[in-house]
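Please read the structure below before turning to the comments.
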Amino acid sequence: LDQDGRYAEVGFTLARHGALLPPEQTAQLPWAARKGLSIAQWGSGEGAGQANRISTALRVAEKLEDMLPGLLDETLELLGSGSGSIELYDPATSALKTAVSRGWFAQVPGIRLRPGEGIAGTVFQSGEAILAKEFASDPHVRDETRPQVPSGWGGICVPIRSSQASMGVMFISVRLPRQITRDEAN
């Protein structure tokens, strides 16, 4: 849900384990109409269990700020990482600001990026995910930010959208040599 209670989606699917769906596709679930977001599951095993935990985290939260830690934590677990963040757009400052962070992202001081600046601002403005082999050497990273980004970490930054506009971005970071693949991102 966005800050006004509208449906929001993270700009990727949980490959092989579940997908974020709009409420009209999940109307048979009583909480879907209230929350406007669910995770459809298929398959079995740990992936389906993780998708269920993400669904539960979203279902029990009453406010956006209550949903975000669970969404990030379960997504990090699903992708086998402990580092990531969610950056939300603040219209009052016209910048993205950190809403929740884990791992090395929690060690980076609150950097505010405007749309089009850095990886987060580029993803927010374009609506397109960026896969980075290594964040520290990625050309999208601003020179003044680069010293705060540890070497040896890559990953993905994906848009978070409401039904009407971009809301922010989510970073998932993994330590090299591991890389997030296009299949995981799709």
Side-chain angles (χ1 to χ4, degrees), residues 1-15 17-26 32 34-40 50-51 53-79 81 83-103 105-106 108 110-132 135 138 140-141 154-174 180 182 184-186:
L1 295 174
D2 68 14
Q3 290 138 339
D4 297 323
R6 292 183 301 256
Y7 164 71
E9 68 180 40
V10 176
F12 69 101
T13 59
L14 302 174
H17 305 303
L20 298 176
L21 297 176
E24 60 271 11
Q25 292 178 319
T26 57
R34 274 196 335 269
K35 297 297 182 190
L37 180 65
S38 72
I39 296 178
Q50 288 171 324
R53 286 193 299 275
I54 294 171
S55 177
T56 299
L58 295 174
R59 185 173 58 237
V60 299
E62 292 297 323
K63 299 177 186 170
L64 178 66
E65 54 271 4
D66 297 335
M67 278 185 202
L68 298 178
L71 174 63
L72 180 61
D73 292 343
E74 293 298 337
T75 303
L76 289 171
E77 185 176 334
L78 181 65
L79 293 173
S81 177
S83 293
S85 73
I86 294 177
E87 316 291 323
L88 294 180
Y89 182 71
D90 179 4
T93 61
S94 300
L96 291 159
K97 67 178 188 175
T98 302
V100 61
S101 60
R102 301 288 187 259
F105 285 90
V108 176
I111 297 171
R112 292 181 181 250
L113 295 172
R114 297 199 182 282
E117 293 180 337
I119 292 174
T122 301
V123 168
F124 176 78
Q125 187 173 56
S126 71
E128 299 292 324
I130 291 179
L131 274 169
F135 287 128
D138 190 89
H140 293 96
V141 173
I156 191 167
C157 181
V158 297
I160 301 173
R161 302 178 192 101
S162 74
S163 58
Q164 298 176 341
S166 289
M167 293 176 46
V169 299
M170 179 189 295
F171 279 98
I172 305 297
S173 186
V174 294
I180 294 178
R182 286 261 176 225
E184 289 174 308
N186 292 325

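Just so you know, these numbers use all the heavy atoms, side chains as well, and skip hydrogens, waters and symmetry mates.
Between A120 and C157, the shortest heavy-atom contact is CA-SG, 4.1 Å. For A106 against S101, the heavy-atom pair with the smallest separation is CA-OG, 3.4 Å. In terms of heavy-atom proximity, I172 sits nearest to S81 at CG2-CB, 4.3 Å. Between L96 and G168, the shortest heavy-atom distance links the atoms CD2-CA, 3.9 Å. Among all heavy-atom pairs drawn from V123 and V169, the shortest one is CG1-CG1, 3.7 Å. Taking all atoms of both residues into account, the shortest heavy-atom contact from S83 to L76 is O-CD2, 3.2 Å.
Between D90 and R112 there is a side-chain heavy-atom pair separated by less than 4.5 Å. T75 places a side-chain heavy atom less than 4.5 Å from the side chain of M170.
Between I119 and the options I130, L113, I156, a side chain to side chain contact (heavy atoms under 4.5 Å, CB included) holds for only I130.
Note that the OH atom of Y89 and the NZ atom of K97 stand 12.0 Å from one another [nearest 0.5 Å]. Here the straight-line distance linking atom CG of L71 with atom CD1 of I160 works out to 6.5 Å at 0.5 Å rounding.
Among residues two or more places apart in sequence or in another chain, the ring-ring contact (aromatic ring centres under 6.0 Å, His included) test is passed with F171 by F105, F135. Residues passing the side chain to side chain contact (heavy atoms under 4.5 Å, CB included) test with V100 are L68, P69, L72, I86, R102, sequence neighbours excluded.
The salt bridge (charged side-chain N to carboxylate O under 4.0 Å, His left out) contacts involving residues 117-130 comprise E117-R142, where partners must be two or more places apart or lie in separate chains.
When atom types are taken as modelled, the side chain of S173 and the backbone of G154 share a donor-acceptor pair closer than 3.5 angstrom. Proximity of a side-chain donor or acceptor of R114 to a complementary backbone N or O of S94 within less than 3.5 Å is detected.
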